[in-house]
Every structure is written in structure tokens, then in C-alpha cells.
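Note that the numbering runs from 1 along the sequence shown for the chain. Because only heavy atoms are used, hydrogens play no part in the values below, and waters and symmetry mates are left out as well, while side chains stay in.
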Amino acid sequence: MSGLSIKLKTPHTGDYEQPTGLFINNEWVKGVDGKTFEVINPSDESVICSVHEATEKDVDLAVSAARKAFNGAWRKETPENRGRLLVKLADLFEKNIDILAAVESLDNGKAINMAKGDVGACAGCLRYYGGWADKIEGKVIDTAHDTFNYTKKEPIGVCGQIIPWNFPLLMWAWKIGPAIAAGNTVVLKTAEQTPLSALVACNLIKEAGFPPGVINVLSGFGKVAGAAISSHMDIDKVAFTGSTVVGRQIMKAAAGSNLKKVTLELGGKSPNIVFDDADIDNAISWVNFGIYFNHGQCCCAGSRVYVQEGIYDKFIEKFKARAAKNAVGDPFHNETFQGPQVSQLQFDRIMSYIEEGKKAGAKIETGGKRIGDKGFFIEPTIFSNVTEDMKIVQEEIFGPVCSISKFKTKEEAIAIGNNTTYGLAAAVHTSNLNTAIEVSNALRAGTVWVNTYNTLHWQLPFGGYKESGIGRELGEAALDNYTQVKTVSIRLGDALF
Ligand code: NAD
């Protein structure tokens, strides 16, 4: 691996060998154009290392490898063996949890215990889809006595997958699991901010025994490698997670090239609605987790908090105290809940939203400032005195910042909850079953949590209504986005004429 790996160190695991190449055909290679880029540690702004950058030519090579695998032995691989490989990969994730989590914390800045949770969820997701591989079935459909019809669910082919930096490993597993279970091959591009953990995981692909070309992983930039994937003439489907702006570009590129299938998991501005009859302490802890988990860098973050007027004053006092107690700091400390934001760019975006909120007349109840002068740390922030038209209430901030306001009636809660172009998630906190079901039914969101928040599970479909996306990830539903239906109709009788 000369020139394609580097010795690094994490505070939790000590020395380890960090791959830095592109992973094509189960081999580590340099980019054709010989470019590299630096990876920054968000905790102290230092350069961790440089990795090889994929350009269009590398995307072409990865797509050729994936096509060759798809047209070759992989297409004939039994569903049972596809499942076995995914289960083996899940086992290897669990065996390597310490190093995977430590690299994730180093590169992304997420708290080590949260990173371990992510690795556990990766294993759960990969094993779950391993279980699905031999249960993807068609139907027999009776149309006439002399005709035999059946449907098959076939893989789509070569899938391009573009993932973001907020859950680098988890998004890797969410994308690879259903694609591979259904028999596709994959060219996955990681986010330029966080390539490292995925590269460590690529060694596990080889160790699990996946044939060459089935899973290819590239580090690179969106405008170069990402654009090459979404406009590629030999990629059959593109799956993307990230901003709504880029989601639109990906659809356009797909439309302008070979009309590849598109699934998108985009942004959100999710309402977290607390009724007077909720268990207030329980609600506060979920509202706190809803916005500050992963430093607010969640597409489903509960960034708009609405509290019914009867408990509003008490709620805000307790919520302020709870938010101010969140442990923000070094991701490698065991008690840390919130680490740094992922990059200077994200840090600047969030700080400018905080300034924007102040200028618009919103009141900071707690937080609002940078912590320290090294690393991208921001205080957990709550804005009150907001109006629905403010930017901080309408736009995705993607940081530890929420707005809180009052509502009177159930009808009002539903109307303000739906007052967004997004529709990824929502939550209702109440002890009244009718309220829970009525409001859940009325909210236009792909996931509605009741008396909880951010409790995603690989068995449960996840995806957006409205401008939050197209298609579903996780659960059985994701398999529909990685298969296409073939109808075979067999005439049993004589010729018609
Ligand atoms: P982004 O959408 O630009 O990046 C996400 C991924 O898309 C990365 O892999 C990137 O390289 C790639 N990409 C970028 N431009 C591309 C293009 N033209 N063609 C193909 N791929 C491209 O997100 P960002 O700039 O890192 O973050 C901006 C905002 O996006 C955040 O503030 C947040 O609001 C949102 N975001 C959402 C999610 C999510 O989980 N839905 C994740 C990350 C960011």
C-alpha cells in the first residue's frame, strides 16, 4: 500500500494504518490525475492527512469495475451468498467498533460514544439487509386460463451513491446494505469533509469476501466526482443524501444524461410539538436530544419547537437549563455529548444564522456564541420571540440552534407544523392517544415520532414528503428503490390467429 496509506493515531486506539487511496476493484489506487486533498480535524483545525481525490476518469474506472462485476459473476451469485457477505460485513463492523468509531470522531468530530452508536447501527443495518437478500420475491398474477404471468424483482444495475458528512459511516451502511442485498453493484462517493472512516471500512469489504468491483468507494468533491456520477451514462441509479440545492442538481443531471433512477434524502425543518398534557420532563429530554444530537447536524433535527401555552413558561425555563448542561467539548472524552461542527464552512453558516436571528428581533434564551478559539464548537442555542416568517424558522441551519414558540390549539399546532417546504420528520408529545394519532395523521412528514425523537431504526422506512426527498431508505421500502419489476407473461394456449 505504499503511498496509499499513512500511519495515524487516535486518542482512543493509538496507532493505526489509515488507507488514503481510492477503493476500486478491491484494490487501493491513486487518482488518475494524481490529485490529493487535505482532511481537517474539526476539534483543533489541524490537518489530519491527505487523501487521493477522484476525478471524472476515476469515476469512469470505478463504473467499469462495477459494470463488469454486475454483468459477471455477481449477477449469478445466489441471494443466500449475498446475504452471507452482508452479515459477515456486519460482524466485522462489530469486531472493529473501536477503530471505526475513533476514526469517525477524529474526522467528523462526533462524540466517541455517539460514534460507537453509529457503528452499532451500521452493523444492525447491514445484518438486516443481509437477512433480506433471499426474501426478495415476485408474484404470480392470473389473467387468463391459458396464460401464466409472473413478476421478478431484479436489481437496477450499477448504482451511484453520494453521501454527506454528518453520518459518514451510517450513510455508507444505509446506502450499501439495500443495494447489495438486491444484487446491484455500487460506486459510492463520500463527502470531501469526512472520507476517512469509510476508507477504513473498505478494508472490511475485502476481508468479508466481496468480489472485486461489487463495492467501489471514492473520495472526492461534489462538483467533480459527484457531478460525474450523477451525469454518468453507464450508472443506472443515483442515490443521494445532502442538501436540497444539490438534490435538484442531481435530478437535472440524471434527466440530462441517461434518465437514471433517482432517490433523494434531503433537508428538513422538522417541528417538535409539545402539548400541555405531555410529561414535561420526558418531553424536554427528547426535545433536547431532537435538536442537539449530532450537534444539530441531522436532516431530521427537531429545529422548530412549538409548546402549548399552558406549559410554555415552565417548559422554556427547564429546557434552557437542560440545554446549557449538555457537555460540549473534546469528542474523545467519554462524557461529551456535543463535539465541534464538522467544518469552518458549516461553523460560519451557523454563526451567520445566529446573527441573522438576532437582527430579525429573536431573543437568545441560551447559547449563541462560539466556545473557545480553536475548533468549531458552538453553544447549544435556543431562540424565542420568533415569527414564522423569520429565516431561522424557515431555513435549515444544520447546527445546535432551535426556535421555540407558543401555540393555543391542536389545529394551530398542525398548521404551523406543516408551515414548511420540507417534510422529513415531526414529533408530538402528549399523553392523549387521540391527540397523538390525530396530529400524526395530519402532519405531512415521512416520520412522526410520538413522545420520542430521532429514534431511527434500520427496520423502519425513512424519507421525505414534499421537498425533503424522493423514495425511502431503510426497512423493506428501501428495497423497492434498489429493484425494478420485470413481468414475464407466458402464453400456454394456441396462437391467437
Ligand atoms: P452538499 O449537499 O453540498 O453535500 C452532500 C454531498 O453531495 C457531498 O458528498 C458532496 O460532495 C456532494 N455534492 C455536492 N455538490 C454536488 C454536485 N453538484 N453533484 C453531485 N454531488 C454533489 O451539502 P454541504 O454543502 O456539505 O452542506 C450544506 C447543507 O446541506 C447543510 O448546511 C445542510 O443544511 C444540508 N445537509 C443535509 C444533509 C442531510 O443529511 N440531508 C447532510 C449534509 C448537509
Side-chain angles (χ1 to χ4, degrees), residues 1-6 18-40 47-70 107 157-165 168 171-172 175-176 179 185-203 205 212-243 245-258 260 262 342-343 345:
M1 291 221 290
S2 148
L4 294 164
S5 74
I6 183 172
Q18 172 65 53
T20 57
L22 309 175
F23 188 74
I24 301 177
N25 248 332
N26 276 5
E27 300 296 338
W28 292 110
V29 293
K30 293 181 178 173
V32 174
D33 290 333
K35 292 185 170 180
T36 60
F37 63 95
E38 289 181 341
V39 184
I40 307 295
V47 176
I48 302 172
C49 65
S50 289
V51 296
H52 290 268
E53 181 195 336
T55 61
E56 286 93 345
K57 293 168 199 152
D58 305 295
V59 171
D60 285 343
L61 289 175
V63 172
S64 298
R67 177 60 64 194
K68 194 163 165 231
F70 185 75
D107 191 7
V158 175
C159 297
Q161 304 182 317
I162 301 172
I163 62 170
W165 42 260
M171 293 301 105
W172 190 97
K175 293 278 183 288
I176 286 177
T185 58
V186 161
V187 174
L188 181 147
K189 189 194 84 63
T190 53
E192 53 271 36
Q193 298 84 350
T194 53
L196 300 186
S197 55
L199 296 178
V200 175
C202 286
N203 277 335
I205 290 174
V214 171
I215 303 172
N216 306 277
V217 177
L218 307 175
S219 311
F221 291 88
K223 288 205 168 93
V224 183
I229 288 174
S230 49
S231 60
H232 205 285
M233 292 302 286
D234 200 29
I235 289 184
D236 301 298
K237 178 218 163 94
V238 61
F240 167 76
T241 299
S243 61
V245 174
V246 172
R248 286 183 208 280
Q249 290 169 5
I250 285 182
M251 275 201 98
K252 277 192 197 146
S257 53
N258 62 345
K260 55 180 68 63
V262 178
V342 76
S343 65
L345 185 68

Give a yes or no answer on whether the side chain of Lys57 reaches the backbone of Asp33 with a donor-acceptor pair at less than 3.5 Å. no
Which heavy atom in Ile24 sits nearest to a heavy atom in Val29, and how many Å separate them? CD1-CG2, 4.0 Å
Asp107 versus Pro195: any side-chain heavy-atom pair under 4.5 Å? yes
Who are the side chain to side chain contact (heavy atoms under 4.5 Å, CB included) partners of Ala227, not counting sequence neighbours? none
OG/Ser343 to CH2/Trp165 distance, rounded to the nearest 0.5 angstrom? 6.5 Å
List the residues meeting side chain to side chain contact (heavy atoms under 4.5 Å, CB included) with Asp236, not counting sequence neighbours, and say none if there are none. Arg67, Ile156, Val158
Just so I know, are the side chains of Glu53 and Thr36 near enough to count as touching, which here means a heavy-atom distance under 4.5 Å? no
Applied to residues 223-233, the side chain to side chain donor-acceptor pair (under 3.5 Å) test, sequence neighbours excluded, yields Asp60-His232
Any side-chain heavy-atom pair from Ile6 and Ser50 closer than 4.5 angstrom? no
Please list, chain by chain and in numerical order, all residues satisfying side-chain hydrogen bond (donor to acceptor under 3.5 Å, both in side chains) with Thr20, sequence neighbours excluded. none
Who passes side chain to side chain contact (heavy atoms under 4.5 Å, CB included) against Lys68, sequence neighbours left out? none
May I ask you to decide if Val32's main-chain N or O and Asp58's side chain share a donor-acceptor pair within less than 3.5 Å? yes
So do Leu4 and Pro19 actually touch side chain to side chain, heavy atoms under 4.5 Å? no
Shortest non-hydrogen contact from Phe37 toward His52: CE2-O, 4.1 Å
Beyond-backbone contact of Ile215 with Leu188, side-chain heavy atoms, under 4.5 angstrom: no
So do Asn258 and Asp234 actually touch side chain to side chain, heavy atoms under 4.5 Å? no
If I compare all heavy atoms of Asn216 with all of Ala62, which pair ends up nearest, and what's the gap? ND2-O, 3.8 Å
Only one of Val246, Ile229, Ile163 passes side-chain contact (heavy atoms from CB on, under 4.5 Å) with Phe240; say which it is. Val246
Using the side chain to side chain contact (heavy atoms under 4.5 Å, CB included) criterion, which residues pair with Ser64? Sequence neighbours excluded. none
Return the CD to CG distance between Gln18 and Leu196, rounded to the nearest 0.5 Å. 4.5 Å
Taking every heavy atom of Gly213 against every heavy atom of Thr185, the minimum-distance pair comes out as O-CB, 4.1 Å
Side chains of Trp28 and Leu199: closer than 4.5 Å at any heavy-atom pair? yes
Validation row: Lys175, Thr241 side chains within 4.5 angstrom (heavy atoms): yes
Identify the two heavy atoms, one from Lys237 and one from Lys260, that lie closest to each other, and give their separation to 0.1 Å. N-CB, 4.0 Å
For Val51 and Ser219 the tightest heavy-atom approach is CG2-CB, 4.1 Å
